[in-house]
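See below for the structure under consideration.
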Amino acid sequence: MFNTNTINRFQQLDTPFYYYDLDALRKTLEACRTAASKYGFHVHYAMKANFNPKVLDIIQSYGFGADCVSGNEVKAAIEHGFGKDKVVFAGVGKSDREINLALDADIFCFNVESVQELYIINDLAKAKYKTASVAIRINPNVDAHTHHFITTGLDENKFGINTWQLPDVIKALKECPNLKFLGIHFHIGSQITDMEVYKNLCTRINEMQDWFNDHGFEIKVLNTGGGLGVDYYNPDTNGISDFESYFKVFSQFLNVKPGQEVHFELGRALVAQSASLISRVLYVKNGLKKNFLVLDAGMTELIRPMLYQAYHLIENLSQTESEETVHYDVVGPICESTDCFQKDVELPQSHRGDLFAIRTAGAYGEVMASGYNLRDIVGSVYSE
Ligand SMILES: *Cc1c(COP(=O)(O)O)cnc(C)c1O
């Protein structure tokens, strides 16, 4: 929801741009911190969701750690003040250069995704006379009941180590003196709103924990990953994810032993509702069967609808009084047929120059912007 002052401000600006509501961001971070602290849970922010420098600084100021998936993210996390003892590094394809960078930075933990990676990290650590702390990313084969493009925890996914390979993990850990085993890590997918899924994940984590104990390995860290979803349909009435219920499920169903730490890696739920993509209508095309609104933003600014068939609420900010509605396909200017935000959207009758907001665009939005078609990389505007 935008007040008149904000819309007037948009009128003065070139479009497209991301608009960040920093107050909404802070309220979300506060809600998450409060809910997690009830149980002493550790939250790492999954930086890949949004690494806008201003956003990173605010998130860091709430005391969260960082969950990184590239060497540059590890570097940026440390530059933005996330303590190195709160940085975790996941990724199915960490390069030697990235592993060395993280070893030099003395990060908290590598979340390791294959048996081979264990040996490589051990070798690189040994060359530096260091010990690398590792958690094993296990593929728990839990169905996240989310869109198949963003599920990650099934046997057929490329991520993590499948359970039948765990004997090889034990062998590797025994053979690698420069590794310190911290615990186990999971991440089963994104945009998960069904708490039953997390309950199932807890059951699997408990089983895995028992398995490691039976094989003589103590677990210090249980890292459950991220994935908590947001409400893309009702950003105004349901702008903050249900952190209370989320953490409560883990407190109820996870078998946490004395001295153990429970870690989370939330991305989307922390940032998605804090930004909208603001755009203008360039052209209105009325066809025989369809009407098109051609915006000045497209898949180069926000690719989620085209990449994951994702839904975003689309609003005309200039025609709020209008009674007459028309069904439009809302498309971008890029030379690709898939460059369509949504088909058949009921909107007020719209005109060239109308301002549009594409809501809930704070996660996996600006970070995926590209210069395809040699377009300018989209910029950002802040509420304060
Ligand atoms: C992307 C990712 C996350 C965050 O996922 P969200 O759905 O944004 O919460 C957490 N952990 C890992 C390993 C990831 O790759």
Side-chain angles (χ1 to χ4, degrees), residues 40-47 64-139 159-161 163 165-187 205 208-225 256-265:
F41 290 161
H42 300 255
V43 177
H44 302 262
Y45 168 56
M47 266 177 74
F64 295 113
D67 166 39
C68 305
V69 290
S70 74
N72 286 345
E73 283 194 4
V74 170
K75 208 162 143 242
I78 288 165
E79 281 166 9
H80 283 270
F82 290 91
K84 60 183 184 180
D85 55 334
K86 288 183 182 177
V87 171
V88 296
F89 183 16
V92 72
K94 302 177 191 76
S95 70
D96 294 18
R97 188 188 62 78
E98 292 175 311
I99 293 168
N100 278 324
L101 187 151
L103 286 168
D104 290 340
D106 295 316
I107 63 164
F108 173 64
C109 189
F110 289 85
N111 292 332
V112 177
E113 308 222 10
S114 66
V115 176
Q116 191 172 29
E117 187 189 332
L118 284 169
Y119 288 102
I120 299 299
I121 295 177
N122 182 66
D123 288 348
L124 295 172
K126 188 175 170 193
K128 292 182 183 290
Y129 305 99
K130 287 196 171 198
T131 304
S133 293
V134 296
I136 305 301
R137 176 166 179 177
I138 299 171
N139 191 339
F159 299 102
I161 296 175
T163 47
Q165 293 165 309
L166 289 180
D168 292 335
V169 168
I170 298 287
K171 182 166 169 276
L173 290 171
K174 287 182 174 157
E175 289 172 358
C176 292
N178 293 74
L179 299 183
K180 180 177 173 218
F181 173 72
L182 273 192
I184 49 182
H185 171 241
F186 302 81
H187 175 65
I205 296 176
M208 291 298 120
Q209 163 155 236
D210 290 345
W211 191 90
F212 273 88
N213 291 160
D214 291 348
H215 288 78
F217 283 81
E218 286 304 313
I219 286 180
K220 178 151 184 288
V221 169
L222 297 172
N223 184 335
T224 74
V256 183
K257 306 198 168 142
Q260 267 182 348
E261 293 177 5
V262 185
H263 291 240
F264 295 82
E265 301 169 338

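Since this is a predicted model, take the numbers as computed values, not measurements.
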Inset, instruction - Check whether any side-chain heavy atom of His44 lies under 4.5 Å from a side-chain heavy atom of Phe82, and answer yes or no. - result: no

Legend entry - Non-hydrogen atoms of Trp211 and Pro167 that approach each other most closely: CH2-N, 3.9 Å

Inset, instruction - For residues Ala172 and Leu118, report the shortest heavy-atom separation together with the two atoms involved. - result: CB-CD1, 3.9 Å

Inset, instruction - Taking the side chain as every heavy atom from C-beta outward, state whether Ile107 and Ser133 have any atom pair closer than 4.5 Å. - result: no

Inset, instruction - With side chain to side chain contact (heavy atoms under 4.5 Å, CB included) as the test, would you mind laying out the steps for Lys128 and Leu124 before giving the verdict? - result: CA-CA 7 Å; Lys128 292 182 183 290; Leu124 295 172; 5.9 Å; no

Inset, instruction - Show the numbers, then the answer: is there a side chain to side chain contact (heavy atoms under 4.5 Å, CB included) between Phe41 and Thr224? - result: CA-CA 11 Å; Phe41 290 161; Thr224 74; over 6 Å; no

Inset, instruction - Over 60° means perpendicular and under 30° means parallel, so classify the ring planes of Phe181 and Phe217, tilted if in between. - result: perpendicular

What donor-acceptor contacts under 3.5 angstrom involve side-chain atoms of residues 108-117, with partners at least two apart or in another chain?
unit_1	atom_1	unit_2	atom_2	d
Asn111	ND2	Glu265	OE2	3.2
Glu113	OE1	Gly160	N	3.0
Glu113	OE2	Gly91	N	3.0
Glu113	OE2	Arg137	NH1	2.9
Ser114	OG	Glu117	N	3.1
Glu117	OE1	Lys94	NZ	3.4
Glu117	OE1	Glu113	N	3.0
Glu117	OE2	Lys94	NZ	2.6

Inset, instruction - Kindly give the heavy-atom pair with the smallest separation between Val87 and Cys68, and that separation in Å. - result: CG1-SG, 3.9 Å

Inset, instruction - Just jot down the salt bridge (Lys or Arg N to Asp or Glu O under 4.0 Å) partners of Glu73, sequence neighbours excluded, or say none. - result: none

Legend entry - Over all atoms of both residues, closest heavy-atom pair of Ala102 and Phe89: CB-CD2, 3.7 Å

Inset, instruction - Tell me, with the steps shown, if Phe212 and Leu166 meet side chain to side chain contact (heavy atoms under 4.5 Å, CB included). - result: CA-CA 9 Å; Phe212 273 88; Leu166 289 180; 4.2 Å; yes

Inset, instruction - Identify the residue among His185, His187, His42 that makes a ring-ring contact (aromatic ring centres under 6.0 Å, His included) with His263. - result: His42

Legend entry - Enclosure of Lys180 NZ (heavy-atom neighbours >12, cutoff 6.0 Å): no

Inset, instruction - Check whether any side-chain N or O of Lys130 sits under 3.5 Å from a backbone N or O of Leu103 as a donor-acceptor pair, and report yes or no. - result: yes

Inset, instruction - Provide the closest heavy-atom pair for Met47 versus Ala77 in the form atom of the first, atom of the second, distance. - result: SD-CB, 3.7 Å

